[in-house]
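Here is the structure we will look at.
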Amino acid sequence: MKSILITGGAGFIGSNFIPYFLDKYPETDIVNIDKLTYAGNLENLREINDHKRYTFIEGDICNRILIESLFEKHDFSGVIHFAAESHVDNSIESPDEFIKTNVFGTFTVLDVAKNQWMQSPHQIKKEHKDSLFHHISTDEVYGTLGEEGLFTENTPYAPNSPYSASKASSDFIVRSYFQTYGMNVITTNCSNNYGPKQHDEKLIPTIIRNAIAEKPIPIYGDGKNIRDWLYVLDHCKGIDLVFHKGKLGETYNIGGRNERNNLYIAETICLMLDKLAPRKSSKSYLELITFVKDRPGHDYRYAIDASKIENELYWEADENFESGIKKTITWYLNKYSAT
């Protein structure tokens with residue numbers, strides 16, 4: 001039996017990944033460390049609360065003594081590092097926590113793993129020759145795109161918010177541990193995830209929640225900002241593939257090839273809600289869409305070229321946006337009707 005450390009597993013992507021991973025790999029124990037800030041919620045993991053191969057630790061990844069004690073106790077053969085402050089608006093208001101968690105926190109876990117797994121630079125301990133640090137990052141590190149073009153693994157970094165700058169910094173730290181120490185690392189940069197368990201403040205949950213509460217649905221600016229949308233379970237499957245089959249030291253971009261602008265997202269959800277949960281007034285939810293002042297530094301367009309992971313590891317997204325959003329709306333309707 002081997003043990004894997006998951007950081008930030010009570011967040012959106014991590015809480016989808018852990019049940020999937022436990023089910024797929026019966027010979028693996030998972031230890032999940034999460035600080036349980038606003039973005040972490042143990043309710044997201046209630047289906048595995050009593051799972052015999054799952055352990056939860058409430059703690060801060062910046063706490064080196066705690067991280068060292070976990071490595072000593074469990075002798076991890078892998079780390080999948082989700083933990084991060086990730087809300088762009090919050091990074092604009094309070095950038096310090098983003099720098100602390102995303103930069104120093106990543107460094108702390110990475111450095112402890114290096115000390116546990118390596119004898120000296122470019123000399124990995126025999127028992128840890130296959131141990132791997134998998135860093136989960138974002139396409140926002142690449143900056144913004146115009147009407148055309150796609151982010152590739154070779155796109156120069158150009159982060160435009162404190163959040164994306166902190167993630168870019170963490171990417172570079174991980175890369176440096178491969179180049180300097182020969183440590184087994186891999187990074188994946190993903191496009192916008194959506195699906196069950198996402199934080200209520202994010203765009204899609206906000207649209208659904210406000211709509212069924214008969215409140216205005218806020219859309220930044222003119223709603224024309226474009227994102228490449230990736231269903232969260234498709235992302236989890238991509239992470240799994242890279243973790244087990246990816247080439248050491250490499251970066252893999254994971255994207256859904258589903259470019260949609262924010263106004264399209266809102267309109268699609270409203271029209272689906274008109275059928276799934278009609279308003280008592282019989283009016284369309286479309287009437288609730290409201291345009292609000294754009295946020296500072298709002299990148300115009302993100303879009304990922306996922307050719308590398310598709311061609312090298314044979315990954316592809318199972319969901320297109322229309323199929324994934326229907327599953328997502330159904331999940332949130334059940335959630336909000338139960339509260």
Identify whether the distance between the nearest side-chain nitrogen and carboxylate oxygen of [X] and [Y] falls below 4.0 Å.
| X | Y | answer |
| --- | --- | --- |
| Glu259 | Arg301 | yes |
| Glu322 | Lys326 | no |
| Asp29 | Lys2 | no |
| Glu310 | Arg257 | yes |
| Lys308 | Glu250 | yes |

Geometric cation-pi criterion Lys197 and Phe12, 6.0 Å radius, 45° cone |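 Judged by the rule (NZ or CZ under 6.0 Å from the ring centre, within 45° of its axis), Lys197 is not positioned above Phe12.
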Give the minimum heavy-atom separation between Ala10 and Leu45, together with the two atoms involved.
->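 Between these two residues, the closest heavy atoms are CA-CD1, 3.9 Å.
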Distance flag, aromatic centroids of [Y] and [X], threshold under 6.0 Å:
| X | Y | result |
| --- | --- | --- |
| His128 | Phe76 | no |
| Phe172 | Tyr157 | yes |
| His81 | Phe133 | yes |

Looking at Asp171, Thr155, Thr251, Asp139, which hits side chain to side chain donor-acceptor pair (under 3.5 Å) with Asn189?
->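 With Asn189 as partner, side chain to side chain donor-acceptor pair (under 3.5 Å) holds for just one option, Asp171.
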Which of these, Tyr252, Phe21, Phe17, sits in a side chain to side chain contact (heavy atoms under 4.5 Å, CB included) with Ile239?
-> Phe17
Candidates Ile80, Val79, Val242, Leu248 - the one meeting side chain to side chain contact (heavy atoms under 4.5 Å, CB included) with Leu132 =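 In the set Ile80, Val79, Val242, Leu248, the residue that makes a side chain to side chain contact (heavy atoms under 4.5 Å, CB included) with Leu132 is Leu248.
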Under the salt bridge (charged side-chain N to carboxylate O under 4.0 Å, His left out) test, residues paired with Lys327 that sit two or more places apart = Glu319
